[in-house]
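Some notes on the structure that comes next.
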Amino acid sequence: MPNVNVTYGEMQAAPRQPQVPVIRLRAAIAGAAAVIVALSCVLSGTAMASTAPAGVRPMPVTTGASAWYVSSVPAIAAAPGCGKGANVRKVVATYKARKYKAGGYRTDTLYCGNSSYGYRHLEPHIGQYFGGWASFSFAMAQTLKAPAAIVPQANGNYMESAPIYQCFYEGYYIIWTFFVIPQISSGTIVTAYGREGKRVNESCP
Amino acid sequence: MGRMEFGPSVVPELREILLSTSEGAFYGPDGGLTEVREVPFLGEWQLSRLGFDPDLGRSRLVCVLTGAGKTVTATIDADDFPDLRGNTSTSPEWNGSAYHDLAVLLSTLIQEQVLTWDPADIRSDEVRICLPADRAKPEAR
């Protein structure tokens with residue numbers, strides 16, 4: 001798996017990013033042609049990035065993911081801050097989440113939590129994904145906002161999933177499946193993780 | 001000191017969760033709802049056996065899952081869940097179900113550690129279901 005230093009992204013119909021020697025990550029609802037949101041992961045230097053809709057000029061990004069997240073996902077903290085001394089109910093981030101079989105969105109919350117739920121529960125999975133916390137949180141946000149599937153489960157949780165495209169300027173991409181598991185009744189996020197899928201030897205769709 | 005033991009309710013509760021199905025909603029590229037269908041909790045896996053270990057009794061729970069010709073044995077030791085092993089507690093901050101905490105947590109962990117993996121990608125035939133020590137106990141509550 002490539003070791004990438006993440007900064008940020010573009011949007012669905014935003015103009016093509018300048019040719020930066022980078023790795024890009026795309027989050028899609030489903031299918032190669034269904035790119036909803038994309039995230040650029042630059043190895044170094046400045047990238048052009050935006051969460052704005054088509055036609056809006058991309059915003060240059062030179063700093064960490066948190067700043068970029070602010071406009072679309074206001075409550076994502078720059079760093080989780082769930083070290084020793086942090087309360088279990090400290091809010092790490094809130095996410096806009098599509099409602100199950102209904103229009104509109106709910107708000108899901110990631111708390112520091114403990115071994116059973118929240119950031120402290122999912123923390124080991126961050127290293128299994130790529131790009132660190134910023135990329136992980138972005139994938140959570142995209143999965144909740146535009147899931148490919150929402151399955152309510154008997155254990156009181158939703159299982160929400162979406163494909164995430166990790167794109168390489170070398171001309172191939174890897175399709176991950178990202179899962180987020182929020183509690184149905186409260187929107188408290190129990191856990192989240194990504195699964196690396198197949199590599200496609202074509203340019204990112 | 002002897003081994004810790006699970007309470008008796010964990011097996012039927014966990015079995016009920018694992019064998020449940022629910023109505024999943026699937027969305028297309030444009031975000032529109034494309035399909036609603038029954039989705040088993042186990043996904044592409046099947047439950048071959050769930051019960052206490054024949055030798056260790058209620059100190060170890062064994063969950064045997066098969067998928068795509070692969071068999072994975074998930075072992076769960078009561079020692080790894082000292083606070084929840086009785087399966088009598090309910091923590092509304094993370095458990096919104098009618099089941100007790102241990103059954104819910106185990107179902108989530110089995111999903112994390114087995115069910116959401118492609119059977120071909122699971123390298124070991126045996127998976128120990130547990131919470132890593134480094135995240136077991138936040139110091140502040």
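Just so we're on the same page: letters track the sequence lines, and every chain starts at 1. Please read these numbers as outputs of a predicted model, since none were measured by experiment. Note that these values count all heavy atoms, side chains included, but never hydrogens, waters or copies made by symmetry.
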Atom group of [X] that falls short of 4.5 Å from chain A, counting heavy atoms:
X	result
B/E13	neither
B/Y99	side chain
B/S20	side chain
B/E35	neither

Check your understanding: Of the backbone (N, CA, C, O) and the side chain (C-beta and beyond), which part of A/F179 lies under 4.5 Å from a heavy atom of chain B, both, or neither?
Key -> side chain
Practice item. Check whether A/I184 gets within reach of chain B through its side chain, its backbone, both or neither, counting any heavy atom under 4.5 Å. Key: neither
Decide yes or no for [X] and [Y]: does some side-chain heavy atom of the first lie under 4.5 Å from some side-chain heavy atom of the second?
X	Y	answer
B/Y27	A/I150	yes
A/I181	B/Q111	yes
B/T116	A/M159	yes

Exercise for review: Just do the side chain to side chain contact (heavy atoms under 4.5 Å, CB included) check on B/V39 and A/Q153 with the steps written out, would you?
Suggested key: CA-CA 9 Å; B/V39 178; A/Q153 300 185 307; over 6 Å; no
Review point. What are the two closest heavy atoms between B/S107 and A/N155, and how far apart are they?
Key: OG-ND2, 3.0 Å
Exercise for review: Only counting residues at least two apart or in another chain, list the ones meeting salt bridge (charged side-chain N to carboxylate O under 4.0 Å, His left out) with A/E202.
Suggested key: none
Practice item. Assess whether atom CD of B/E44 is packed by more than 12 heavy atoms of other residues, nucleotides or ligands within 6.0 Å. Key: yes
Point to revise | Results of ring-ring contact (aromatic ring centres under 6.0 Å, His included) for B/F52 - residues two or more places apart only | key: none
Review point. Under 4.5 Å, heavy atom to heavy atom, which residues of residues 105-112 of chain A contact chain B?
Key: none
Review point. Can you name the residues of residues 72-80 of chain B that have some heavy atom under 4.5 Å away from a heavy atom in chain A?
Key: none
